[in-house]
Amino acid sequence: MIVADEVLNFPDPVYGAQMQDSAVPGLAAEGRIVITYEEEPVTLAGGETITLRKPHYAVADLGYGSMDPATTLSPRVAPAMIGLGLIEAIHEADILANADPDDRNGDGISGRAALVRDRKSGTVTLGRFGWKAQNPTILQQTADAFATDIGISTPDLDRSHGDCTAAQSACLRLPTGVQARLGPVEAPDPVLGLVTFYSASLAVPARRKASFPETLKGKRLFYEAGCPACHIPKYVTRRDAAHTEVAFQLVWPYSDFLLHDMGEGLADGQEVGLASGREWRTPPLWGIGLTRTVSGHTFLLHDGRARNFTEAILWHGGEAEMARSAFAAMPKDDRNALLTFLESL
Ligand code: HEC
């Protein structure tokens, strides 16, 4: 089924795709997430020591018996919602042009396209949204969030009991939000379309201090360290984009939207579609300097283990090992300039 792109992976037969640590009245929560951290010191050029925190995840107080032994846990930080319509308007060919699955150019960086099934058209197409590039469109990402994150059915995904599985009969017995006068799903048209349009339309913030000497120095170092091999700076969106507001624009997402083996340190062992347990999609970096302003925290990477830019870069391994080493070997002033550049995005 995975090979035929019919499913992305196999959820736990009892707990489903997501672990719910709270529940509606009358139901037991699925469990309590227990996170412990192991400290790992890293010494950078000049002698500065940074402590990375390596997370270990477990679930206590399982509400519905044991989990399948093959089930893996992989927490997620909610990704930024900006510029999604512009990303969708990048021509597929412009993303595929950077894929180099067999590393023919020998730069140590491959980059694989995440081909997935588009539920609406039924065709296999390029996935570009989500930490594992598992979703081809904003519509599908939105419908998945409606169904799995909050348990609301839409015309795209008719799952009124959300992530409750056949083994959770107490959940399945509870009423859903379906109302006969509105049709067979809880959020009928035009709700999904409007929320998708809203999500696609959130703008990218203007850069701050973009032409300051320190920022420009950091930009040069970003290039010298090899970061743009994956964090590809710019694209021109397609002229024939469905929405004219996002058509034919020069945009700066700093991503190739491809999958990369990021090494054992970041591996979660979880296959999602074509993405292996070691592969992640390069996240866009636009707006990343405003993470604290928007989200109230500065936790980075798929599970938020990095507390700042420095830690995020030091977690890079696998195909990004060379870029990581280049950063670690920079004098402190240069590292600071690179961080100033990221802060300006
Ligand atoms: C081989 C491809 C590759 C290279 C080279 C690379 N990155 Fe990344 N970067 C990634 C991927 C993939 C992730 C997401 C990993 C994860 O979440 O587990 C990431 C995540 C990040 C993040 C966190 C983004 C977020 O939203 O949480 C930052 C910041 C970042 N990279 C900066 C850099 C910098 C600076 C360099 C150069 C020193 C660099 N990267 C080089 C692929 C790359």
Side-chain angles (χ1 to χ4, degrees), residues 44-45 52 54-55 74-83 87 98-101 103 105 107-112 114 127-134 215 217-233 253-270 272 275-292 294-295 297-330 334-345:
L44 305 179
L52 298 181
K54 187 175 177 51
S74 185
R76 289 286 182 276
V77 160
M81 296 268 302
I82 52 169
I87 296 173
N98 296 314
D100 182 17
D103 192 18
N105 67 2
D107 66 352
I109 296 177
S110 49
R112 293 203 306 138
R128 55 178 95 186
F129 299 104
W131 287 103
K132 299 244 182 186
Q134 70 273 27
T215 312
K217 178 182 170 192
K219 180 179 179 179
R220 179 172 55 76
L221 292 161
F222 182 81
Y223 278 79
E224 283 176 16
C227 314
C230 303
H231 294 283
I232 293 184
Y254 290 93
S255 173
D256 57 5
F257 306 101
L258 298 172
L259 296 171
H260 296 277
D261 180 331
M262 293 297 284
E264 200 47 45
L266 285 175
D268 67 349
Q270 206 165 79
V272 179
S276 75
R278 294 167 64 101
E279 283 177 315
W280 299 97
R281 177 200 72 152
T282 311
L285 298 180
W286 55 14
I288 197 151
L290 291 173
T291 308
R292 182 190 294 281
V294 175
S295 306
H297 66 75
T298 56
F299 299 139
L300 298 168
L301 300 174
H302 64 273
D303 58 1
R305 67 179 65 188
R307 289 163 288 196
N308 50 49
F309 291 142
T310 302
E311 290 185 17
I313 299 167
L314 293 175
W315 274 109
H316 282 54
E319 294 173 37
E321 184 65 45
M322 262 169 26
R324 177 210 173 275
S325 306
F327 174 77
M330 285 178 193
D334 285 2
R335 288 200 306 270
N336 283 343
L338 177 50
L339 302 179
T340 303
F341 168 68
L342 293 176
E343 208 60 63
S344 78
L345 295 177

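Read the numbers this way: they start at 1 and go in the same order the structure lists the ligands and their atoms. Numbering of residues begins at 1 and proceeds along the displayed sequence.
Annotation: atom 10 (C) of ligand 1 to nearest protein heavy atom, Met262 CE, 3.5 Å. Nearest protein heavy-atom neighbour of atom 4 (C) of ligand 1: Cys230 SG, 3.4 Å. Considering only non-hydrogen protein atoms, atom 23 (C) of ligand 1 sits nearest to Leu301 CD2, 4.0 Å. Considering only non-hydrogen protein atoms, atom 33 (C) of ligand 1 sits nearest to His231 NE2, 3.6 Å. Protein heavy atom closest to atom 13 (C) of ligand 1, with residue, atom name and distance, is Pro283 CD, 3.1 Å. For atom 28 (C) of ligand 1, the closest heavy atom belonging to the protein is Leu285 CD2, 3.8 Å.
Within 6.0 Å of CZ on Arg292 lie no more than 12 heavy atoms contributed by other residues, nucleotides or ligands.
A 4.5 Å side-chain heavy-atom check between His260 and Thr282 finds at least one atom pair inside the cut-off. Using a 4.5 Å cut-off on side-chain heavy atoms (C-beta onward), Trp315 and Lys54 make contact. Inter-residue side-chain proximity for Leu345 and Trp286 is flagged as unmet; no heavy-atom pair is nearer than 4.5 Å.
Here atom 37 (C) of ligand 1 lies nearest to Cys227 when heavy atoms of Gly263, Cys227, Gly318, Ala320 are compared. The closest heavy-atom contact to atom 9 (N) of ligand 1, among the options Arg76, Arg278, His316, comes from His316.
Ligand 1 has at least one atom lying under 4.0 Å from a heavy atom of Trp131. At a 4.0 Å cut-off, not a single heavy atom of Arg324 sits close enough to ligand 1 to count as contact.
Across every non-hydrogen atom of Phe341 and Ser344, the tightest pair is O-OG, 2.6 Å. Looking at every heavy atom in both residues, Ser276 comes nearest to Arg112 through N-NH2, 4.5 Å. Across all non-hydrogen atoms, the minimal contact from Leu266 to Met262 is CD1-CB, 3.9 Å.
Residue-level proximity to ligand 1 for Val77 is absent, since no heavy atom of it falls below 4.0 angstrom. Contacts between Ile313 and ligand 1 below 4.0 angstrom, taking non-hydrogen atoms only, involve the side chain exclusively. Using a 4.0 Å cut-off between heavy atoms, Trp315 makes no contact with ligand 1 at all.
Counting the atoms of ligand 1 from 1 in the order shown, those under 4.0 Å from a heavy atom of Gly226 are 5 (C). Counting atoms of ligand 1 from 1 in the listed order, those under 4.0 Å from a heavy atom of Arg281 are 12 (C). Each of the following atoms of ligand 1 lies closer than 4.0 Å to a heavy atom of Glu319: 1 (C).
Note on ring orientation: taking the six-membered ring where Trp is involved, the planes of His316 and His231 are tilted (angle from 30° to 60°). Using a 30° and 60° split on the angle between ring planes, Phe222 and Tyr254 fall in the perpendicular class, above 60°.
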Please assess Ile82 against Leu290 for the test side-chain contact (heavy atoms from CB on, under 4.5 Å), listing each intermediate value before the final yes or no.
CA-CA 11 Å; Ile82 52 169; Leu290 291 173; over 6 Å; no
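By the 3.5 Å distance cut-off applied to N or O atoms, His302 is counted among the residues near ligand 1.
Scanning for side-chain hydrogen bond (donor to acceptor under 3.5 Å, both in side chains) contacts around Glu321 gives an empty result, with sequence neighbours left out.
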